[in-house]
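Comments concern the structure below.
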Amino acid sequence: MPYRPKSTLEQWRILQAVVDAGGYTQAAELLNKSQSSLNHAVSKLQAQLGVELLEVIGRKAQLTAAGEVMLRRSRILTQQIEDLELLADNLDKGWEPEIRIATELAYPKQYLYEALKQFYPLSRGSRVQIIDTVLTGTSEVITQKKADLVITGLVPKGYLSEPLYVTRFIPVVGAEHPLAAVNSLDQNELSQQLQIVIRDTAVKPQEHMGWLKAEQRWTVDNFHEAVDILLMGLGFCWLPDFVVNPLLEQGRLYHLPLQQSSERLITMGLLAPQEESLGPGSRQLRQLLLAIHKK
């Protein structure tokens, strides 16, 4: 047979009120109920459970040891119910149950995390899904409308983005690599070296972005894997300055002095693939993210 609860949420809320207010009289005033009805509700709850939760000492009701445990668990239960009902109310008003935000690996996520920190108290129970993307994988997310918000350095035709951040890519090698000893380097010489590249997350990647002239390449999933390989003295890689700056300062990585250009600048922008149907939660998060970058 299906389980039938012995207690009700109202009984647990009354118990919490009695404890928080410091007694039946105070709780009765707080809840605008009669003291006798509160006494009856708590007595019935104890009888139904077969556990003594409160004991009256003098004029004050105090929790028993068992009551302290049960009260803590009841607070979790009532909060979950409140959250569930709030979520239902928000859904009825159009507040989305989940917000998906896709972001290029080349964007420093601390800005996004700061926006999410500010967004959390306002989130109304909405889940947030962060999707890491690279190059044409980001374009696919936009054109196939797989995310509510997208941070990208490559804006497909027909879309507009709001600028957030300029990422500076630089070519680097490990301190033990032979190229770490050169003072000037031609890109034709660089093309003869092993290049570490970050995997494009597209289903059908297109190699039309970035410097990909080296014949020999090793492909990894993220910047951290690339750095690990570089630190072993293997290969070179174009990496964002916010990733490599600490290692450059420590002398563990070396910025290659290319004659043609030793850096690439990419503007990271924020866009909504479906602006017309963007939910209120996504709009709120977008405004917070834009405000952080305007500081």
Side-chain angles (χ1 to χ4, degrees), residues 102-111 131-144 150-157 161 163-269:
T103 174
E104 278 270 2
L105 287 183
Y107 172 75
K109 280 206 181 71
Q110 67 264 28
Y111 295 107
I131 306 166
D132 287 338
T133 59
V134 178
L135 297 175
T136 50
T138 313
S139 295
E140 277 190 359
V141 168
I142 296 170
T143 57
Q144 296 177 17
V150 181
I151 299 174
T152 179
L154 178 64
V155 180
K157 186 177 180 180
S161 69
L164 294 179
Y165 181 88
V166 177
T167 299
R168 175 173 168 256
F169 276 85
I170 56 177
V172 293
V173 294
E176 298 180 6
H177 194 285
L179 292 181
V182 304
N183 295 319
S184 180
L185 187 66
D186 185 272
Q187 67 174 353
N188 292 323
E189 297 176 79
L190 192 61
S191 67
Q192 305 305 311
Q193 301 291 325
L194 168 66
Q195 182 177 4
I196 311 301
V197 299
I198 312 302
R199 190 185 316 279
D200 194 316
T201 55
V203 175
K204 296 180 180 180
Q206 301 174 26
E207 294 187 349
H208 57 62
M209 287 290 293
W211 196 96
L212 295 170
K213 294 186 178 181
E215 290 298 324
Q216 189 176 8
R217 302 178 206 156
W218 289 359
T219 302
V220 297
D221 285 332
N222 55 63
F223 296 141
H224 302 294
E225 291 180 357
V227 168
D228 287 342
I229 295 173
L230 295 178
L231 292 177
M232 295 175 65
L234 295 170
F236 75 94
C237 186
W238 288 84
L239 289 171
D241 56 356
F242 66 84
V243 172
V244 300
N245 277 342
L247 295 169
L248 290 171
E249 293 173 2
Q250 296 166 17
R252 301 178 67 192
L253 290 181
Y254 176 71
H255 183 176
L256 291 173
L258 286 181
Q259 295 174 8
Q260 290 80 2
S261 176
S262 59
E263 67 177 29
R264 291 187 294 117
L265 301 179
I266 298 180
T267 300
M268 293 291 159

[X] [atom1] to [Y] [atom2] distance, which is reported to the nearest 0.5 Å:
X: Ser262; Y: Trp238; atom1: OG; atom2: CH2; value: 7.0 Å
X: Leu190; Y: Gln259; atom1: CG; atom2: CD; value: 11.0 Å
X: Thr167; Y: Glu263; atom1: OG1; atom2: CD; value: 12.0 Å
X: Arg168; Y: Ile266; atom1: CZ; atom2: CD1; value: 13.0 Å
X: Arg217; Y: Leu194; atom1: CZ; atom2: CG; value: 11.0 Å
X: Leu230; Y: Leu247; atom1: CG; atom2: CG; value: 9.5 Å

Can you name the closest pair of heavy atoms from [X] and [Y] and give their distance?
X: Ile142; Y: Thr152; value: CD1-CG2, 3.9 Å
X: Ala102; Y: Val141; value: CB-CG1, 3.8 Å
X: Tyr165; Y: Phe242; value: OH-CD2, 4.2 Å
X: Gln193; Y: Leu179; value: CG-CD1, 3.7 Å
X: Gln260; Y: Gln187; value: OE1-N, 3.3 Å
X: Ala106; Y: Pro240; value: CA-CG, 4.3 Å

Step-by-step side chain to side chain contact (heavy atoms under 4.5 Å, CB included) determination, Leu164 to Tyr111: CA-CA 10 Å; Leu164 294 179; Tyr111 295 107; over 6 Å; no
Passing option when Thr138 is tested against Thr133, Asp132, Thr201 for side-chain hydrogen bond (donor to acceptor under 3.5 Å, both in side chains):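 Among the candidates, only Thr133 passes.
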So [Y] and [X], do their side chains get closer than 4.5 Å, heavy atoms only?
X: Gln195; Y: Phe236; value: yes
X: Pro163; Y: Met268; value: no
X: Val220; Y: Ile198; value: yes
X: Ile229; Y: Trp218; value: yes

Distance-only, no hydrogens or angles: does the [X] side chain make a donor-acceptor pair with backbone N or O of [Y] under 3.5 Å?
X: Glu225; Y: Asp221; value: yes
X: Asp200; Y: Leu135; value: no
X: Tyr254; Y: Val182; value: yes

